[in-house]
Amino acid sequence: PLYWEVNFDDLSINGKKLNYCKEDTPCRVAVDTGTSLLATPSKYFEQIVNLLGVNRDCSNRKTLPLLTFHIGGKAFSLSG
């Protein structure tokens with residue numbers, strides 16, 4: 001395989017979990033260290049962008065909230 005697949009616990013914005021992954025339906029994500037892109041299923045994309053408050057031209061990137069990926073019990077955060 002060209003990527004690693006791992007269990008994904010959840011996603012949070014400024015510490016508030018979005019509860020995308022439930023105990024009865026665990027999430028799996030692909031990790032590709034050869035790319036700088038992040039992808040999500042289209043059904044979540046618009047919601048995440050709206051929750052982050054991203055301007056179409058990304059002009060507010062320096063003031064975006066903290067986006068945290070919870071993977072394997074660890075938190076990995078990205079700032080704007």
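Heads up: numbering here begins at 1 and tracks the sequence.
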Checklist entry - Sequence neighbours excluded, which residues qualify as side chain to side chain contact (heavy atoms under 4.5 Å, CB included) partners of Phe45? => result Thr40, Val49
Checklist entry - If every non-hydrogen atom of Ile13 is compared with every non-hydrogen atom of Leu67, which pair is closest and at what distance? => result CG1-CD1, 4.0 Å
Checklist outcome for this item: So the salt bridge (charged side-chain N to carboxylate O under 4.0 Å, His left out) pairs with at least one residue in residues 3-13 (sequence neighbours excluded) are Glu5-Arg28
Checklist entry - Thr63: what forms a side chain to side chain contact (heavy atoms under 4.5 Å, CB included) with it, not counting sequence neighbours? => result Asn60
Item to check | Results of side chain to side chain contact (heavy atoms under 4.5 Å, CB included) for Ala75 - residues two or more places apart only | outcome: Thr68, His70
Next on the checklist: To the nearest 0.5 Å, what is the distance between SG on Cys27 and CD1 on Ile71?
Outcome noted: 11.0 Å
Checklist entry - Looking at residues at least two apart in the chain, or sitting in another chain, which of them share a side chain to side chain donor-acceptor pair (under 3.5 Å) with Asn50? => result none
Item to check | Euclidean distance, Leu64 CG relative to Leu78 CG, rounded to 0.5 Å | outcome: 11.0 Å
Checklist outcome for this item: Residues at least two apart in sequence or cross-chain that pass side chain to side chain contact (heavy atoms under 4.5 Å, CB included) with Asn14, listed by chain then number, are Pro65, Leu66
